[in-house]
Student: 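One structure is given below, represented as structure tokens, and several questions about it will come after.
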Amino acid sequence: MKKVLLIFFISILSVSCTSKVTSSDIPKINGYWEIEKVIFSDKKQKEYSINETFDYFEVKDNKGFRKKVAPQLDGTFLVNDDFEKIEIKEIEGVYFIYYSTSFSKWKEELRLLSDTELILVNEAKNEYHYKKAAPINLMENGKEAK
């Protein structure tokens, strides 16, 4: 009986700790995101301690784009003209990002979206864990990057 109660308690705890993405969460995706790790479908993980690029999302009315940007030491970002068009759609209570370029189309599930965390799951069931990025600022004498 104790074992059954323990399993029940753990199940309730794990369900209550999982946040479901809602339509009011969608604007939180706007901004710069730095990848922390990837959990592959076979449960192996790859950690990212230093990133040469961040993902920048800009979405309005569930449409927008994602592009890769390179952070600079002065707090700015280098950008190029490459980007992916995106559209966010809700299907049976689950939100997906649909990407398109002139070469390809794909989708990812929005598993978690908060002010500081983002988890995307691709069609191969790989989980991409991001944290909200902040500009790198190594200016001397406490000067702030603009």
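Worth knowing before you read on, the calculation uses all heavy atoms, side chains too, and leaves out hydrogens, waters and symmetry mates.
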Student: Other residues, nucleotides and ligands only: do more than 12 of their heavy atoms fall within 6.0 Å of CG on D42?
Tutor: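 It does: D42 CG has more than 12 such atoms within range.
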Student: Within the 4.5 Å heavy-atom criterion, are K46 and F40 side-chain neighbours or not?
Tutor: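 Sidechains of F40 and K46: in contact.
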Student: Test side-chain contact (heavy atoms from CB on, under 4.5 Å) on V94 and V21 and set out the steps.
Tutor: CA-CA 7 Å; V94 178; V21 175; over 6 Å; no
Student: Please tabulate, for the side chains in residues 77-85, all donor-acceptor contacts under 3.5 angstrom to protein atoms that are two or more places apart in sequence or on a different chain.
Tutor:
residue, atom, partner, partner atom, Å
N80, OD1, D82, N, 2.9
E84, OE1, R66, NE, 2.7
E84, OE1, R66, NH2, 2.9

Student: I'd like to check the side chain to side chain contact (heavy atoms under 4.5 Å, CB included) partners of E90; sequence neighbours left out, ordered by chain and number.
Tutor: Y95
Student: Considering non-hydrogen atoms only, spot the tightest contact between S23 and P27 and give its length.
Tutor: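 So the two residues come closest at O-CD, 3.9 Å.
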Student: Y128 versus L118: any side-chain heavy-atom pair under 4.5 Å?
Tutor: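 No, every pair of side-chain atoms sits at 4.5 Å or beyond.
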Student: With the 4.5 Å side-chain cut-off for hydrophobic clustering, are Y98 and F65 part of the same group?
Tutor: no
Student: Once you round to the nearest 0.5 Å, how far does NZ of K28 lie from OG1 of T22?
Tutor: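 Spacing of NZ (K28) from OG1 (T22) equals 6.5 Å.
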Student: Do I97 and V59 sit in the same hydrophobic cluster, where Ile, Leu, Val, Met, Phe, Trp and Tyr count as joined when their side-chain heavy atoms come under 4.5 Å apart?
Tutor: yes
Student: Any side-chain heavy-atom pair from Q45 and V38 closer than 4.5 angstrom?
Tutor: no
Student: Please determine whether the number of non-hydrogen atoms from other residues, nucleotides or ligands lying under 6.0 Å from atom CD of E52 exceeds 12.
Tutor: no
Student: Among F54, Y56, F57, Y130, which one satisfies ring pair (Phe, Tyr, Trp, His ring centres under 6.0 Å) with Y32?
Tutor: Y56
Student: For S41 versus A124, what's the shortest heavy-atom pair and its separation?
Tutor: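 In terms of heavy atoms, the two residues are closest at CB-O, 3.4 Å.
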Student: Count I, L, V, M, F, W, Y as connected when their side-chain heavy atoms are under 4.5 Å apart, and connections chain through other members. Are W106 and I29 then in the same cluster?
Tutor: yes
Student: When L120 is tested against each of I35, L113, N126, L110 for side-chain contact (heavy atoms from CB on, under 4.5 Å), which residue passes?
Tutor: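 The residue from I35, L113, N126, L110 that satisfies side-chain contact (heavy atoms from CB on, under 4.5 Å) with L120 turns out to be L110.
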Student: Do the side chains of Y99 and I88 join up, straight or via other hydrophobic residues, at under 4.5 Å, putting them in one cluster?
Tutor: yes
Student: Please round to the nearest 0.5 Å and tell me the distance separating atom CG of N62 and atom CD of E87.
Tutor: 7.5 Å
Student: Taking E36 for the side chain and E34 for the main chain, is one N or O donor matched with an acceptor at less than 3.5 Å?
Tutor: no
Student: Taking atom NZ of K107 and atom CD of E109, what is their separation to the nearest 0.5 Å?
Tutor: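 If I round to the nearest 0.5 Å, the distance is 9.0 Å.
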Student: So which pairs with a foot in residues 113-127 pass salt bridge (charged side-chain N to carboxylate O under 4.0 Å, His left out), sequence neighbours left out?
Tutor: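 As it turns out, the salt bridge (charged side-chain N to carboxylate O under 4.0 Å, His left out) pairs with a partner in residues 113-127, which skip direct neighbours, are R111-E127.
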Student: What I'd like to find out is whether the side chain of W33 reaches to under 4.5 Å of the side chain of K132, using heavy atoms alone.
Tutor: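 A side-chain contact under 4.5 Å exists here.
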